[in-house]
Protein chains: 2
Amino acid sequence: MTKVIQVKPPRVFSDLKPWLQNHYQDLPKRLQSVAVFAMHNPDVIALNTIASISEQVGVTPSTMVRFAKSIGYLGFSDMQMVFQESMRHVPQPYSERLNSMQRSADTEQTVLSHFTQAASESIARLEHNVDASALLKASEQLAQARVVYIAGQGRAEPVVAYLHYTLVKLGVQSVVLSGMPHSMADKARMLKEDDVLLAISFSPYTANTRELVDICLANNTNVVALTDSTLSPIARGDDFHLEVLEEEVSGFRGLSATMCLALCLAVETGRVRAELDKAVK
Amino acid sequence: MTKVIQVKPPRVFSDLKPWLQNHYQDLPKRLQSVAVFAMHNPDVIALNTIASISEQVGVTPSTMVRFAKSIGYLGFSDMQMVFQESMRHVPQPYSERLNSMQRSADTEQTVLSHFTQAASESIARLEHNVDASALLKASEQLAQARVVYIAGQGRAEPVVAYLHYTLVKLGVQSVVLSGMPHSMADKARMLKEDDVLLAISFSPYTANTRELVDICLANNTNVVALTDSTLSPIARGDDFHLEVLEEEVSGFRGLSATMCLALCLAVETGRVRAELDKAVK
DNA sequence: TTACATTTGGAATATTTATTTCAAAAATAA
DNA sequence: TTATTTTTGAAATAAATATTCCAAATGTAA
């Protein structure tokens, strides 16, 4: 029993965090699990019983007590107080979030808060504006595709990467077109009748993506577009397009709302695909 | 014993508040005291024991139990849960997550709203939790670098792409390491003394990125890490790391908050760089 | 006033919850 | 490999916490 004996355990949560960072590597496996869980879910530690927490972490109650003691606390209850204290006055009861948002508008803001606020607004607008049936139709198109080809450049590239990653994880075959060193015409030729082009493009619209969409539409290949404006050159009457507009902060546009929509689109596609598969059987 | 028997007590705090307003007049004197106290100090009700609370209110423990029962709860503990739920950062208790997801599966609008809500939560938490000085230090590191090398795989790849895109636009020379078909050791060799590695990694942490960080730290190359936990293997005492945690929706984690932080980091880097350039002149 | 109902506090009880103990398992060193 | 230390889980124990019960106090209607 050569425990990591700490004479003076961190009495406030903000001190506990760095303490765990420094000692994490030296902790036994189970104690590491607890540490990770505690840092990710401080509210659970604060509000639940040792039995309920240990079950969520996947360890025994004894381990929870050991964890607390290894830091230097008298026991689990002693440590729990620190977690409870950390959430005493901090949390805004959900309804008051908006108020605090507006209140903070006049006071001086950090750079980060500018961006978080812009992101929140963009997401709120996305939720409000998005056409549910358009989302469903787009998902259906993608779900029916043999292969989904994804294209997008510049600021859209992270979105392409994310959609590719998520779709593949969901078992939807997809290929990133942007990275390939072919001409647009060559790329378009890769798309067969039952494939779908998923094009992402934001202002200023790159000619490449636009060209690709044009060729595909001319070939009667289905196109699903994700863009920042229905007036965008890649959004047309005869395709399926989704719109998301990011709030601008001193010339910079984020991708928070866009990523949210992208995830939603991918998950919906996965769900529709799963339904189709079931129907076939 | 003609108690105010309520068959269906308010299950959420926001419903309890108006309930008490309506029934306040009909309550006995002591129960009124409890009601006033509870509305003014919900956090105390949520976090303390019945003995401690009743002492603060100036009543006996029995009165607390009676109060809870008069509203319709099974007992004090039952009522306490409602108060606890109101101060959780994560809105739903684990067990109810699946239900809510299945419920939402019928209408498309709510699928999106689940994701937007998760995104908003994540961004709110980011704003609240991020260490401003850590952000500044990380930006300074990146600003001083001759070249910023960016690494990250899987879910981190979109973040890599976005940081690369934004940094380049801001005039900060940066190179994406992930795409290169070199060994980690070879990649690490590319980094000179005055370069910085910007590593992005989320659970489950890929061995590659971790290895790269290890080599760089061994070579005394500065590392700035962006991760979902300060306990992640790529976060260490001797580097500069930023933390962002995305809320999960039925197994899917978005990137909304992460993208927000990435943009913020890039912009800050650009700003610091501009200041440095000015100082040189 | 008396008779009755309601409210309240205090103590006994039941229940829940944390802690300790100890033996088995796993890891480490020789 | 074996010996030794460390880590872990399960059960027993201790502590705490909530709840119930009952008698006293307070209020109310005749």
Side-chain angles (χ1 to χ4, degrees), chain A residues 1-6 9 20 23-38 41-85, chain B residues 1-6 9 20 23-38 41-85 93 231:
Chain A
M1 270 243 207
T2 328
K3 281 174 191 160
V4 188
I5 285 162
Q6 178 82 358
L20 279 176
H23 296 78
Y24 177 74
Q25 306 284 359
D26 310 328
L27 290 172
K29 195 162 48 173
R30 289 296 149 96
L31 263 35
Q32 286 187 347
S33 317
V34 179
V36 171
F37 183 89
N41 311 72
D43 55 303
V44 174
I45 305 285
L47 295 170
N48 293 60
T49 67
I50 199 170
S52 143
I53 300 165
S54 57
E55 196 193 336
Q56 291 184 53
V57 183
V59 300
T60 54
S62 343
T63 304
M64 296 301 303
V65 177
R66 251 180 245 122
F67 175 76
K69 289 199 171 174
S70 75
I71 301 171
Y73 296 106
L74 277 69
F76 171 77
S77 304
D78 188 33
M79 179 185 77
Q80 195 179 37
M81 285 183 192
V82 175
F83 282 79
Q84 291 184 338
E85 217 42 55
Chain B
M1 268 234 210
T2 330
K3 281 173 191 160
V4 188
I5 286 160
Q6 178 82 359
L20 279 177
H23 298 257
Y24 178 75
Q25 303 288 359
D26 311 328
L27 290 174
K29 198 161 49 177
R30 292 297 152 98
L31 263 35
Q32 286 188 346
S33 317
V34 179
V36 171
F37 182 89
N41 311 73
D43 55 307
V44 174
I45 305 283
L47 296 170
N48 293 60
T49 66
I50 199 170
S52 145
I53 300 165
S54 57
E55 196 194 336
Q56 292 184 55
V57 184
V59 298
T60 53
S62 342
T63 304
M64 295 302 302
V65 178
R66 265 195 291 272
F67 176 75
K69 289 199 171 177
S70 76
I71 301 171
Y73 296 107
L74 277 67
F76 171 77
S77 304
D78 188 33
M79 180 184 76
Q80 195 179 36
M81 285 183 191
V82 175
F83 282 79
Q84 292 183 337
E85 229 26 72
L231 299 180

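Computed from heavy atoms alone, side chains included, the values below leave out hydrogens, waters and symmetry copies.
Side chain of A:Gln80 to main chain of A:Ile45: a donor-acceptor pair is present (N/O by atom type, distance under 3.5 Å, no hydrogens or angles). In this structure a side-chain-to-backbone donor-acceptor pair under 3.5 Å is present from B:Gln32 to B:Tyr24.
In the set C:dT20, D:dG27, D:dA18, the nucleotide with an atom closest to the side chain of B:Thr49 is D:dA18. Checked against D:dA18, D:dC21, C:dT17, the side chain of B:Arg66 finds its nearest nucleotide in D:dC21. Of the candidates C:dA18, D:dG27, D:dT19, D:dG27 carries the atom nearest the B:Lys29 side chain, counting heavy atoms from C-beta on.
Not a single side-chain hydrogen bond (donor to acceptor under 3.5 Å, both in side chains) links B:Ser54 to another residue, sequence neighbours left out. A:Thr60 pairs by the side-chain hydrogen bond (donor to acceptor under 3.5 Å, both in side chains) definition with A:Thr63, not counting sequence neighbours.
Contacts between residues 52-60 of chain B and DNA chain C, counted as heavy-atom distances below 4.0 Å, involve B:Thr60.
Rounded to whole Å, atom P of D:dA18 lies 12 Å from atom CE of B:Met81. Taking atom CE of residue A:Met64 and atom P of nucleotide D:dG9, one finds them 12 Å apart after rounding to whole Å. Atom pair A:Phe76:CZ and D:dA16:C1' shows a separation of 14 Å (rounding to whole Å applied). In this structure, the CD1 atom of A:Ile50 is 14 Å from the P atom of D:dA16, given to the nearest Å. B:Leu74 places its CG atom 12 Å from the P atom of C:dT16, with the value rounded to the nearest Å. Rounded to whole angstrom, the span from the CG atom of B:Leu31 across to the P atom of C:dT6 amounts to 15 Å. In this structure, the NZ atom of B:Lys69 is 17 Å from the C1' atom of C:dT6, given to the nearest Å. Rounded to whole Å, atom C1' of C:dA18 lies 12 Å from atom CE of A:Met79.
For the pair B:Met79 and B:Phe67, the minimum side-chain heavy-atom distance is below 4.5 Å. Counting heavy atoms from C-beta on, the side chains of A:Phe37 and A:Val59 never come closer than 4.5 Å.
The number of heavy-atom neighbours closer than 6.0 Å to CD of B:Glu55, taken from other residues, nucleotides and ligands shown, is 12 or below.
Projected onto DNA chain C by closest heavy-atom contact, B:Pro61 and B:Pro28 fall at different nucleotides, the more 5' of which corresponds to B:Pro28.
Side chain A:Ser62 to base D:dA10: a donor-acceptor pair is found below 3.5 Å.
Residue B:Thr63 places none of its side-chain N or O atoms closer than 4.0 Å to OP1 or OP2 of C:dT7.
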